[in-house]
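The structure under discussion appears below in the form of C-alpha cells.
Since the model is a prediction, treat every value here as computed from it, not as a measurement.
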Amino acid sequence: KAVRLHAKKGSKREFDLHYDTIPVPQPGPNEVLVRVQATGVCYRDLLHQRGSAPFPQPPKTLGHEFSGTVSQLPPSPHASPYQLHDRVVNLHTAPCRKCKKCLSEAGSSSPRCSSNSVYYGQTTDGSYAEYVVCPVDSLVALPDSISFEHGCFLMCTAAVALRGLQFHGKLKKGETVLITGASGGVGIHAIQIAKILGAAKVICVTTNGEKEKVLREYGADEVIVVQEKDKKKDKEGKRIVEVKYNEYVKESVDLVLELVGPATFGSSLRCLGVGGGRCVVIGNLNLGQVGLGLGLAILKEFSIIGSSSASREELEQVLRYVEEGKLKPVLHKTYPLQEYQKAHELL
C-alpha cells in the first residue's frame, strides 16, 4: 500500500492523493529495502498536493521523513553497511561524500551534494508507504532507545533546526534567539536546541495563544502572541500575508530563526541588533516574495542566510541529544497510513 500523488484529470497543476496498491519495490546496487514503521507529515507534503512545489511528477509516493527496519539487502554481489532488521532513519537525500560540497563540510556529508539526485517524495518515491527503496548513504542507524514514532521526524524538525542554529546561524553561548512559527515541529525543537547550544534567551513568536504554555514548557523565555490587529490578510481575507510583531520585542536579538517566511520576514529583520545579527530562513509557507529595505541592511549590517535540510552528522548529533535526555521529541498525534487525509487536515 502507498499514498500516491496523481494529477487531476485535465490539469497539470492540481493533484489528488490516492491510497493505492502497488508492487513492493526492489532495491538495486547500493540500495536496501526498508519496511516503513512510521513516517512524518510535513507542511511541504501539503504544498506538493496543492501543486505549489515544482518537483514531484505524478504518480509519486509522498513522504520524506521516516523510520523503519531493513527488510531486503542489495542484490549480490553488492555489499551493504546494514543488516536485515537494522533500525534506521533517513536523510532527505543521499550525499555522495566525494564532491566539493560534501568535502567542504565536517564529516563529508552535505545536504547540498552536487552529485545527488535522490529527494524522497520528490524525485523518487517516498515514505507514505509500507516499503521504500533507499540508497544506503541516505540512512542513519536509529538507536534502540528511540521509538520509531519519535525517530521518523527528528531529521525534518530537530536536525533542520540544529543546522540553522549551529552551522548557518553560528549561535554563540549567551546570545538571544528569536523563533517565528515557534509552535510548529521545527520551532518546538529549535527552542530546546538553542538552549542546548547555550542561548541565554529564547523569544518565540506565535499566532496561537493556546500554545504559549507549551512553548514555555519546552524552554521559551518569552512568548509573543500576535494579535488580530497585527495581522494583514489577502483580499479574500483567507491568508495572512503580513504579521507585525517587532514592536513587542523590547531588546535586540542576535539570531532569528525564520520559520514562517514572507509574513514575518520584515519584522524579523527589524528585531536584529546592529552589527552581526543573523536571520536564518528555513520556512516559506506561502511561497510569496519579500521586500528588503537596503538602508536597514546597511545600517544594521545583518546577514540573511538560507538553510535547508541537514547532514548525517547533524542528525546523529540530534539522536545523541535524545539519548542523553537533553532533547525531548514532541509528537502530537499518530494515524494509520490509510487515514493520511485526517493527518493533512490536522496539519
Side-chain angles (χ1 to χ4, degrees), residues 32 34 37-40 42 64-70 81-83 85-95 97 102-113 120 127 134-175 177 179 182 184-200 202 217-220 255 257 259 280 282 307-331:
V32 294
V34 170
Q37 299 292 336
T39 183
C42 177
H64 56 270
E65 46 183 315
F66 58 90
S67 61
T69 53
V70 175
Y82 299 101
Q83 302 301 317
H85 312 301
D86 280 356
R87 306 170 87 247
V88 292
V89 291
N90 74 297
L91 304 171
H92 288 150
T93 65
R97 306 194 194 188
C102 282
L103 295 176
S104 69
E105 293 198 27
S108 301
S109 166
S110 172
R112 300 275 67 80
C113 172
Y120 288 108
S127 54
C134 307
V136 294
D137 283 338
S138 73
L139 297 176
V140 172
L142 176 65
D144 291 339
S145 61
I146 303 176
S147 70
F148 289 117
E149 290 80 6
H150 285 159
C152 74
F153 60 76
L154 288 172
M155 169 64 190
C156 205
T157 57
V160 166
L162 175 64
R163 184 172 182 82
L165 290 166
Q166 181 176 256
F167 183 80
H168 289 300
K170 302 292 189 291
L171 176 60
K172 304 180 188 71
K173 187 175 181 180
E175 290 191 317
V177 177
I179 303 170
V186 178
I188 203 79
H189 293 91
I191 298 167
Q192 300 178 68
I193 290 171
K195 288 289 188 169
I196 293 170
L197 296 177
V202 177
E217 287 175 357
Y218 284 100
L255 173 61
L257 205 62
L259 304 180
V280 177
I282 293 177
S307 182
S308 175
S309 195
S311 69
R312 171 182 303 277
E313 293 71 30
E314 287 155 345
L315 177 54
E316 289 173 340
Q317 187 175 343
V318 161
L319 295 174
R320 286 195 298 273
Y321 286 157
V322 177
E323 284 192 288
E324 293 165 359
K326 296 178 180 178
L327 176 68
K328 182 178 179 181
V330 184
L331 172 64

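For the atom pair R87 CZ and L139 CG, the distance stands at 13.5 Å (nearest 0.5 Å). If you take CG on L327 and NZ on K195, they are separated by 14.5 Å, rounding to the nearest 0.5 Å. The distance from atom CD1 of I191 to atom OH of Y218, rounded to the nearest 0.5 Å, is 9.5 Å. A distance of 12.0 Å separates CG of L319 from CD of E314, quoted to the nearest 0.5 Å. Atom SG of C42 is separated from atom CZ of F153 by 12.5 Å, given to the nearest 0.5 angstrom. Atoms CG and CG, from L162 and L154 in turn, are 11.5 Å apart once rounded to the nearest 0.5 Å.
Judged by distance alone, with hydrogens and angles left aside, the side-chain atoms of R312 form a donor-acceptor pair with the main-chain N or O of D137 at under 3.5 Å. Without hydrogens or angle criteria, E324 side chain to Y321 main chain gives no donor-acceptor distance under 3.5 Å. Between the side chain of Q192 and the main chain of H189, no donor-acceptor pair closer than 3.5 Å is present. Judged by distance alone, with hydrogens and angles left aside, the side-chain atoms of N90 form no donor-acceptor pair with the main-chain N or O of V140 at under 3.5 Å. With hydrogens and angles disregarded, no donor-acceptor distance shorter than 3.5 Å links the side chain of S67 to the backbone of Q37.
Counting heavy atoms of neighbouring residues, nucleotides and ligands inside a 6.0 Å radius, atom NZ of K328 does not exceed 12 of them.
In terms of heavy-atom proximity, C156 sits nearest to V186 at O-CG2, 3.6 Å. Nearest heavy atom pair, residue A310 against residue V160, reads CB-N, 4.1 Å.
No hydrogens or angles considered: a donor-acceptor pair under 3.5 Å links the side chains of S309 and H92.
Applying the side chain to side chain donor-acceptor pair (under 3.5 Å) rule to S138 yields the partners Y120; only residues at least two apart in sequence or on another chain are considered.
Under the 4.5 Å side-chain criterion, counting only non-hydrogen atoms from C-beta, V89 is not in contact with F66. Counting heavy atoms from C-beta on, the side chains of V70 and H85 never come closer than 4.5 Å.
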